[in-house]
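A short worksheet on the structure shown next.
Lettering of chains follows the sequences in order, A, B, ..., and the numbering in each one begins at 1.
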Amino acid sequence: MTELSLRLAVSLAQILTEMGIVMVTVATMTYFERKVLGWMQDRMGPMEVGPYGILQPVADGIKLFFKEDIVPAGANKAMFALAPMLTMVVSMIGFAVIPFGPNMTMDIFGLTIKPFVVADINIGILYILAIASIGAYGIILGGWASNSKYSLLGGLRAAAQVISYELNVGLAIVGVLLLAGSLSLVEITEAQAWHWFIWGARPDGFFPIHTQIFAFVVFIISAVAETNRIPFDLPEAESELVAGFFTEYSGMRFAFFVSAEYASMTLVSCVAASLFLGGWNAPYPGTIFEYVGLEQLAWVEHIAWFASKVYFFLFLFIWIRATLPRLRYDQLMRFGWKVMLPIALANIIITAITVYFFPRG
Amino acid sequence: MTFKHWIKTITFYEILVGMKATMSHMLHYRPSTLQYPHEKRTLPDNYRGMLALLRYDDGTEKCVGCDLCEAACPSRVIRVVSAEVPGEPTKRYAKEYYMDMTRCLFCGMCVDACPVDALGMTREYEWAVYDKRQLDLNKEQLLAIGDRSFPVREKQLELQHPNVAFFNVAFKHLPQKPD
Amino acid sequence: MTVPLSYYLVLSGIVFLTGVIGVLLRRNIVIILLSVELMLNATNINFVAFSQYLHNVAGQVFVFFALTVAAAEVAVGLAIIIALYRAKSTINIDEFQLLKW
Amino acid sequence: MIEQVFFFYFACVIAAASVLVVAAHNPIYSALALLIMFFHVAGLFVTLHAEFLAAVQIIVYAGAILVLYLFVVMLLNLRHDDRYHRQWPMAAAVGVTLVIEAVILTAMKGWATPVVATGTETTVEGTSNAGTIGDVLYSTYLFPFEVASLILLVAMIGAIILAKKDLGEPTES
């Protein structure tokens with residue numbers, strides 16, 4: 001029993017650390033998004049709170065925390081309260097299976113734990129897909145419970161869009177799964193020692209014929225659509241639907257929706273980095289720390305590589321937002337079903353054929 | 001669809017061009033905005049800001065209560081209550097003078113209309129208030145604005161060139177009043 | 001295996017029964033379809049429980065097929081509901097009695 | 001011990017949620033109760049070492065099927081809902097019969113775990129759960145698998161044709 005409680009305590013500590021990292025990332029993302037958008041549009045972004053506005057997320061958080069919590073008349077109160085929590089929880093628990101660093105074990109209090117992944121389950125990527133598919137419920141329920149036509153339209157749009165693009169996300173990663181031969185994110189990452197899946201890695205070597213670059217492009221585009229970001233932010237299109245599904249939300253519930261959006265952005269960035277860009281692997285064999293004789297610190301370099309990949313994707317999200325205009329709804333649907341889906345299917349077929357003719361050794 | 005067009009489509013050529021544009025703006029970052037309350041834009045010379053009532057150098061008001069500004073104002077900002085100067089039956093002055101600045105559109109027609117140059121446009125523009133009734137300015141407030149915006153005042157009409165008292169066209173370096 | 005197999009069977013029986021009663025009792029076609037999903041899930045529980053206790057993976061494979069059928073049923077069923085709603089602007093099952101005698 | 005605790009938790013929630021699905025007046029509440037039930041069924045699958053099916057259960061049922069239900073409920077705006085059906089005596093009769101049958105059957109067979117069958121074609125142990133299912137699905141059950149894909153294709157075409165407005169008339173554009 002003591003071992004069980006000890007294990008629970010260690011897991012809890014791991015989970016809290018990871019949630020803390022994710023929340024800090026979310027807070028910095030709200031700042032950097034405004035800052036980078038400002039720079040790209042010849043503005044300054046937030047400059048008032050702290051030097052160069054660096055305390056803006058804190059100020060925003062405090063402001064939203066003390067704002068009045070408004071529930072619209074005629075709203076379904078229980079669902080209205082449930083929706084932001086559901087969205088937030090769903091976008092946070094997906095991080096449990098992401099390997100942030102090398103697959104090493106550590107002995108603490110007589111327990112053997114993996115410090116850089118909370119739960120190394122053997123269906124990790126399916127778990128993430130399942131979690132992501134729950135994310136639509138928060139949006140739909142929030143839109144429905146608000147008793148507002150803008151919210152309802154935003155929720156319906158979100159439902160259709162998330163279903164359509166989740167299909168593409170699921171199909172885009174099948175090629176990677178074929179190459180890796182595993183559903184566990186830890187094993188998938190380990191299979192890409194220094195040649196990543198985007199260039200056609202395999203657990204037993206480097207085969208450029210297996211390149212997954214098309215799947216990668218499909219994945220990134222669909223991930224942008226699934227997190228409701230510009231240019232696919234139709235559920236919250238401010239020029240048509242005020243703010244879409246969170247039009248009627250205020251205060252902390254609004255903050256939950258917004259931070260859930262950033263957290264799910266971070267989650268898809270982590271997944272993209274793990275699946276296509278080798279996760280914590282460097283783009284060269286081994287690590288620099290190993291060459292200079294610091295094997296004990298190799299994990300620092302691994303984590304640095306992972307973080308830089310994730311932040312590259314997050315920057316890409318902002319960059320795309322600064323550049324592209326919003327799609328029309330029928331364009332969105334046509335693009336998802338008539339362009340992305342055939343590409344993803346063709347990628348699966350081609351990868352399957354190449355794997356068949358160059359079987360894993 | 002030509003081959004070139006097709007290549008452009010599958011390589012996202014146009015999107016990449018757009019992303020290059022945004023990135024170049026970020027790399028060559030020159031903001032075109034100002035940190036407004038801390039640094040302010042230099043105003044143009046003919047800036048038309050807050051209206052003010054002016055005085056002569058001995059402190060007497062220029063306004064003679066003729067109501068021409070009230071007649072010229074397109075937004076009915078100005079309300080003048082004129083009265084005789086006590087003891088001087090030939091002279092009038094503005095007993096009360098109100099400007100409802102919530103309606104003012106800063107066209108400057110009252111300044112043009114004034115025959116004695118009693119109205120001026122200052123360069124003040126930060127007039128946000130919490131209660132819009134505070135923007136219904138009375139004569140004392142308008143005179144105070146004029147005092148702080150034009151510390152150097154004109155001489156009394158009688159002390160200027162004799163023609164000025166009659167025609168009011170003495171200052172050659174000032175813009176002349178249109179006929 | 002501290003949980004006997006019969007527990008799973010009783011659970012799935014309860015869920016299946018609830019589904020049957022829902023189909024017979026409710027008048028909203030959407031709820032009726034939801035009750036059908038209940039029944040399918042009851043069979044799924046049975047399949048997986050048997051698969052575990054008989055050490056035969058075939059049960060899990062059949063759950064897979066049940067999922068496929070459920071997906072197909074939902075697609076067609078909801079399309080029919082939408083068509084019915086267009087025709088009569090209600091989905092109360094009492095209103096659709098053309099085939100009744 | 002702990003397995004029993006988990007089983008009873010999942011079983012109670014599943015039973016309660018399924019009753020709620022049938023009993024709730026608002027279709028949205030029905031759908032949400034079904035969502036809760038799907039989650040707990042997935043949890044039950046995990047306790048039965050069928051984690052692949054648990055994930056697929058959530059992805060397919062919760063992620064696709066139930067979202068479609070919610071979508072239709074919101075599209076048709078079915079707030080005002082109904083009394084129950086007139087034929088509840090029949091429902092009660094069928095229900096009671098089935099309950100009696102279930103009770104008799106389980107009582108006859110007893111509550112013990114049956115002896116593990118022998119001569120199974122594939123055991124659940126060995127490689128991972130997903131791997132085992134994949135192996136069996138693409139070898140022994142290849143033909144049913146293809147039939148399932150055919151069913152999905154037919155359902156897709158059927159759904160499009162049923163839901164499409166003014167079919168048969170010449171479409172502009």
Side-chain angles (χ1 to χ4, degrees), chain C residues 1-7 9-11 13-15 17-22 24-28 30-31 33-35 37-38 41 44-45 48-49 51-58 60-61 63-65 67-76 78-83 85-86 91-93, chain D residues 1 3-4 7 11 14-15 18-19 21-22 27 30-31 34 41 44-45 48-50 53 56 60 64-65 68-69 72-73 76 81-82 84-85 87-88 90-91 94-95 98-99 102 106 111-114 116-117 120 122-124 132-133 136-137 141 144 148 151-152 155-156 158-159 162-163:
Chain C
M1 300 306 150
T2 51
V3 186
L5 179 58
S6 12
Y7 286 17
L9 301 190
V10 169
L11 171 65
I14 290 171
V15 175
L17 270 179
T18 320
V20 170
I21 291 170
L24 291 176
L25 218 55
R26 292 304 295 258
R27 307 207 286 189
N28 189 332
V30 174
I31 308 290
L33 275 182
L34 288 179
S35 305
E37 300 293 334
L38 280 183
N41 259 278
N44 285 357
I45 294 173
V48 175
S51 150
Q52 179 63 24
Y53 280 86
L54 301 180
H55 293 279
N56 187 334
V57 84
Q60 300 190 17
V61 174
V63 173
F64 208 78
F65 292 136
L67 279 173
T68 318
V69 173
E73 171 233 326
V74 166
V76 177
L78 289 179
I80 290 175
I81 288 179
I82 287 178
Y85 189 80
R86 285 217 187 98
I91 55 164
N92 192 335
I93 203 146
Chain D
M1 173 57 204
E3 286 170 13
Q4 278 191 344
F7 172 79
I14 287 171
S18 55
V19 170
V21 170
V22 174
S30 283
L34 197 62
V41 170
L44 206 60
F45 286 178
L48 286 168
H49 305 286
L53 277 182
V56 170
V60 174
I65 291 179
L68 270 185
Y69 274 118
V72 168
V73 169
L76 306 184
D81 195 36
D82 49 1
Y84 294 120
H85 206 279
Q87 61 197 28
W88 66 267
M90 202 162 92
V94 173
L98 284 172
V99 166
T106 44
W111 297 86
T113 307
V116 172
T120 53
T122 315
T123 55
V124 183
T132 320
I133 289 184
V136 178
L137 196 60
Y141 295 95
I151 287 176
L152 283 179
M156 193 168 74
L162 278 170

Next item on the list: Measure C:I80 against the heavy atoms of chain D and call it side chain, backbone, both or neither at under 4.5 Å.
Entry: both
Notebook entry, point to check: Are side-chain heavy atoms of C:T68 and D:L152 found at a separation under 4.5 Å?
Noted result: yes
Check: Of the backbone (N, CA, C, O) and the side chain (C-beta and beyond), which part of D:L68 lies under 4.5 Å from a heavy atom of chain C, both, or neither?
Finding: both
Item checked: Heavy-atom closest pair, residues C:A72 and D:A155 -> CB-CB, 3.4 Å
Notebook entry, point to check: Where do C:F64 and D:Y141 land on the side-chain contact (heavy atoms from CB on, under 4.5 Å) test, with the steps shown first?
Noted result: CA-CA 11 Å; C:F64 208 78; D:Y141 295 95; over 6 Å; no
Item checked: Any side-chain heavy-atom pair of D:V41 and C:V15 under 4.5 Å -> no
Check: Where on C:V76 is there a heavy atom nearer than 4.5 Å to chain D: the side chain, the backbone, both, or neither?
Finding: both
Next item on the list: Looking only at non-hydrogen atoms, find the nearest pair between D:V22 and C:S35 and report the distance.
Entry: CG2-OG, 4.1 Å
Margin query: Give me the atom names and distance for the closest heavy-atom approach of D:F45 to C:I45.
Written below: CE2-CA, 4.1 Å
Check: Looking only at heavy atoms, which two atoms of C:T18 and D:S18 are closest? And how far apart?
Finding: CG2-O, 3.3 Å
Next item on the list: Could you tell me which of C:A83, C:G19, C:A70 has the largest number of non-hydrogen atom pairs under 4.5 Å with chain D?
Entry: C:A70
Note to self: For a quick test of reading the model, state the closest non-hydrogen atom pair linking D:P27 to C:I31 and the distance between them.
What the structure shows: CA-CD1, 3.9 Å
Next item on the list: Applying side-chain contact (heavy atoms from CB on, under 4.5 Å), run through D:L162 and C:I82 and close with a yes or a no.
Entry: CA-CA 8 Å; D:L162 278 170; C:I82 287 178; over 6 Å; no
Margin query: If I measure from the heavy atoms of chain C, does D:V60 come under 4.5 Å with its side chain, its backbone, both, or neither?
Written below: side chain
Checklist line | Separation of D:L48 CG from C:Q52 CD (nearest 0.5 Å) | finding: 5.5 Å
Notebook entry, point to check: Given the options C:V74, C:I21, C:V20, C:V69, which has more heavy-atom pairs under 4.5 Å with chain D than any of the others?
Noted result: C:V74
Margin query: Can you tell me which portion of C:L34 sits under 4.5 Å from chain D's heavy atoms? Options are side chain, backbone, both or neither.
Written below: both
Notebook entry, point to check: At a heavy-atom separation under 4.5 Å, does D:F7 approach chain C through its side chain, its backbone, both, or neither?
Noted result: side chain
Note to self: Rounded at 0.5 Å granularity, tell me how far CD in C:E37 sits from CD1 in D:I65.
What the structure shows: 5.0 Å
Next item on the list: Can you tell which part of D:L44 gets under 4.5 Å to a heavy atom of chain C, answering side chain, backbone, both or neither?
Entry: side chain
Notebook entry, point to check: Between atom CD1 of D:I14 and atom CD1 of C:I14, what is the distance when rounded to the nearest 0.5 Å?
Noted result: 10.5 Å
Next item on the list: Work out which heavy atom in C:V48 is nearest to a heavy atom in D:A50; give both atom names and the distance.
Entry: CG1-CB, 3.9 Å
Next item on the list: Please look at D:A64 and chain C and tell me whether the side chain, the backbone, both or neither of the residue comes under 4.5 angstrom of a heavy atom of that chain.
Entry: neither
